[in-house]
Asks: 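I have a structure here, written as structure tokens, and I will follow up with some questions on it.
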Amino acid sequence: MRNNVPSSDKPRRPLRPLDEGRLRELAIRYVGRYATTRFKLAAYLARKLRERGWEDGQPVDLEALVAKMDDLGFVDDEAYAGAKARALTARGYGARRVAQALYVAGVGDEDRAEAEEGARAAAFDSARNFARKRRFGPFAAEAAEPDRRQKQIAAFLRAGHDVRLARRFVDSAPGCVPEAEDDA
């Protein structure tokens with residue numbers, strides 16, 4: 001329930017334009033609060049500049065500020081990629097979905113290679129987690145009808161798993177969890 005304090009009809013005072021010090025403070029506050037990448041930090045700072053404007057006479061150098069945050073260890077794309085990949089695979093997402101999330105976050109190829117390899121290595125466990133969470137195949141109460149199985153396979157594919165692994169789980173009888181293969 002809302003409190004009974006009358007709201008003010010006065011518009012909010014506009015925020016002051018940014019200068020170098022305030023922009024640095026925004027960057028430090030952002031990296032202190034969120035795990036982020038260089039790309040996401042630069043996008044955040046650019047948005048803040050568009051919203052508030054720039055006060056200093058000299059042009060702003062976002063890349064230098066982002067590079068400084070990286071040099072200080074506040075931003076680490078490789079560590080971000082590893083943490084994001086582990087979190088997504090634990091939630092049941094496959095390697096393709098992990099690669100897509102890292103690409104959208106702006107993680108470079110060299111920084112995301114190890115994370116993507118880890119996601120591929122954890123593909124079976126990730127698929128098992130997905131099937132358990134969604135109650136598909138071996139975790140279902142009863143065997144699904146063919147049209148329902150096709151929808152379950154489509155859900156596996158949207159989650160980033162390959163079709164062979166999706167079929168192994170969806171085609172499994174309730175209570176019969178498939179064994180991991182060496183090449184899976």
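Keep in mind that this is a model prediction, so the values were computed, not measured. Only this structure's heavy atoms are used, side chains among them; waters, hydrogens and symmetry mates stay out. Numbers here are sequence positions counted from 1.
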Asks: So do the side chains of E114 and E78 get within less than 4.5 Å of each other, counting heavy atoms only?
Replies: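 Of all side-chain heavy-atom pairs linking E78 with E114, at least one is under 4.5 Å.
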Asks: Considering only NZ, NE, NH1 and NH2 on the basic side and carboxylate oxygens on the acidic side, decide whether D171 and R168 come within less than 4.0 Å.
Replies: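 No, this pair does not count.
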Asks: Measuring from Y44:OH to L62:CG, what's the distance to the nearest 0.5 Å?
Replies: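 Reported value, rounded in 0.5 Å steps: 12.0 Å.
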Asks: So does G108 get a backbone contact from the side chain of D77, meaning a donor-acceptor N/O pair under 3.5 Å?
Replies: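 Such a contact is absent between D77 side chain and G108 backbone.
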Asks: Working to the nearest 0.5 Å, report the span between CZ of R167 and CG of D162.
Replies: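 Atom-to-atom, R167:CZ and D162:CG are 11.0 Å apart.
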Asks: To the nearest 0.5 Å, how far apart are CD in Q100 and CG in L102?
Replies: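 Reported to 0.5 Å precision, the distance equals 10.0 Å.
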Asks: With the 4.5 Å side-chain cut-off for hydrophobic clustering, are F74 and V107 part of the same group?
Replies: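 No, it is not one cluster - the side chains of F74 and V107 are not joined through contacts under 4.5 Å.
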Asks: If every non-hydrogen atom of W54 is compared with every non-hydrogen atom of P59, which pair is closest and at what distance?
Replies: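 Where W54 meets P59 most closely, the heavy atoms are NE1-C, 4.3 Å.
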Asks: Please say whether more than 12 non-hydrogen atoms of neighbouring residues, nucleotides or ligands are located less than 6.0 Å from NZ in K84.
Replies: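 Open: at most 12 neighbouring heavy atoms sit under 6.0 Å from NZ of K84.
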Asks: Is there a donor-acceptor pair closer than 3.5 Å between any side-chain N or O of R91 and the backbone N or O of A87?
Replies: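 Not confirmed, R91 side chain does not pair with A87 backbone.
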Asks: T37 side chain to A105 main-chain N or O, any donor-acceptor pair under 3.5 Å?
Replies: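 Yes; judged by distance alone, with no hydrogens or angles, the pair exists.
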Asks: Would you say the rings of F130 and F139 are close, in the sense that their centroids are separated by under 6.0 Å?
Replies: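 No, they do not, as the ring centres are separated by 6.0 Å or more.
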Asks: Of the non-hydrogen atoms in A90 and N129, which two are nearest, and what is the gap between them?
Replies: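 Looking at all heavy atoms of both residues, the closest pair is O-ND2, 3.4 Å.
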Asks: Measuring only between side-chain heavy atoms, which start at C-beta, is R112 closer than 4.5 Å to Y103?
Replies: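 The answer is yes; the side chains approach within 4.5 Å.
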Asks: Atom NZ of residue position K133 - does it have more than 12 heavy atoms of other residues, nucleotides or ligands inside 6.0 Å?
Replies: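 Yes.
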Asks: Of all the heavy-atom pairs spanning A159 and G92, show the shortest one and how long it is.
Replies: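 Of all heavy-atom pairs spanning A159 and G92, the closest is CB-O, 4.3 Å.
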Asks: When rounded to the nearest 0.5 angstrom, what distance separates CZ in R134 from CZ in F156?
Replies: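 Going from the CZ atom of R134 to the CZ atom of F156 covers 9.0 Å.
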Asks: At what distance, to the nearest 0.5 angstrom, does CZ of R24 lie from CG of D19?
Replies: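 If we round to the nearest 0.5 Å, R24:CZ and D19:CG are 8.5 Å apart.
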Asks: Given the rule that I, L, V, M, F, W and Y join up when any side-chain heavy atoms are under 4.5 Å apart, are L165 and Y93 in one cluster?
Replies: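 Different hydrophobic clusters.
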Asks: With a 4.5 Å cut-off on side-chain heavy atoms, are I28 and M69 touching?
Replies: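 Side chain of M69 against side chain of I28, heavy atoms only: contact under 4.5 Å found.
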Asks: Are L15 and L18 co-members of a hydrophobic cluster defined by side-chain heavy atoms under 4.5 Å apart?
Replies: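 Different clusters.
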Asks: Can you tell if the side chain of R38 reaches within under 4.5 Å of the side chain of E63, non-hydrogen atoms only?
Replies: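 Side chain of R38 against side chain of E63, heavy atoms only: contact under 4.5 Å found.
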Asks: Using only heavy-atom distances, determine whether the side chains of K48 and Y30 contain a donor-acceptor pair under 3.5 Å.
Replies: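 Side chains of K48 and Y30: no pair found under 3.5 Å.
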Asks: Does a salt bridge link D71 with K68, judged by any charged N lying under 4.0 Å from a carboxylate O?
Replies: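 Here D71 does not pair with K68 in a salt bridge, since their nearest N and O are not under 4.0 Å apart.
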Asks: Indicate, with yes or no, if V98 and V104 share a hydrophobic cluster defined by side-chain heavy-atom contacts under 4.5 Å among Ile, Leu, Val, Met, Phe, Trp and Tyr.
Replies: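 In one cluster: no.
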Asks: Does R47 have more than 12 heavy atoms from other residues, nucleotides or ligands lying within 6.0 Å of its CZ?
Replies: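 For R47, atom CZ is crowded (more than 12 foreign heavy atoms under 6.0 Å).
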Asks: Within the 4.5 Å heavy-atom criterion, are R52 and L26 side-chain neighbours or not?
Replies: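 The answer is yes; the side chains approach within 4.5 Å.
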Asks: Before giving the answer on salt bridge (charged side-chain N to carboxylate O under 4.0 Å, His left out), spell out for E117 and R120 the whole-Å C-alpha distance, their side-chain angles and the decisive distance to 0.1 Å.
Replies: CA-CA 5 Å; E117 182 58 38; R120 282 190 292 274; 3.1 Å; yes
Asks: Within a reach of under 6.0 Å around CD of E20, are more than 12 heavy atoms found that belong to other residues, nucleotides or ligands?
Replies: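 Open.
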Asks: If you compare all heavy atoms of D70 against all heavy atoms of V75, which two are closest, and at what distance to 0.1 Å?
Replies: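 Smallest interatomic distance, heavy atoms only, reads OD1-O, 2.7 Å.
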Asks: Do D147 and Q150 come close enough that some side-chain heavy atom pair is under 4.5 Å?
Replies: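 No, every pair of side-chain atoms sits at 4.5 Å or beyond.
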Asks: Mark yes or no for whether R96, through its side chain, and L157, through its backbone, hold a donor-acceptor pair below 3.5 Å.
Replies: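 Yes; judged by distance alone, with no hydrogens or angles, the pair exists.
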Asks: Tell me whether F39 shares a hydrophobic cluster with L72, the cluster being built from Ile, Leu, Val, Met, Phe, Trp, Tyr side chains joined at under 4.5 Å.
Replies: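 Different hydrophobic clusters.
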Asks: Would you compute the distance between atom CZ of F124 and atom CD of E179 and round it to the nearest 0.5 angstrom?
Replies: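 F124 atom CZ to E179 atom CD measures 7.0 Å (nearest 0.5 Å).
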Asks: Determine yes or no for a side-chain-to-main-chain donor-acceptor pair under 3.5 angstrom, with S126 supplying the side chain and A122 the backbone.
Replies: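 No; judged by distance alone, with no hydrogens or angles, the pair does not exist.
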Asks: Quick one: closest heavy-atom pair of D125 and R128, and the distance?
Replies: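 Smallest heavy-atom distance, with atoms named: OD1-NH2, 2.7 Å.
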Asks: For P174 versus A143, what's the shortest heavy-atom pair and its separation?
Replies: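 Closest pair (atom of P174, atom of A143, distance): CG-N, 3.6 Å.
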Asks: So Y80 and Y34, ring-ring contact (aromatic ring centres under 6.0 Å, His included) or not? Walk me through it.
Replies: CA-CA 10 Å; Y80 175 89; Y34 303 105; over 10 Å; no
Asks: Taking the side chain as every heavy atom from C-beta outward, state whether L23 and L45 have any atom pair closer than 4.5 Å.
Replies: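 They are in contact (side-chain heavy atoms under 4.5 Å apart), so the answer is yes.
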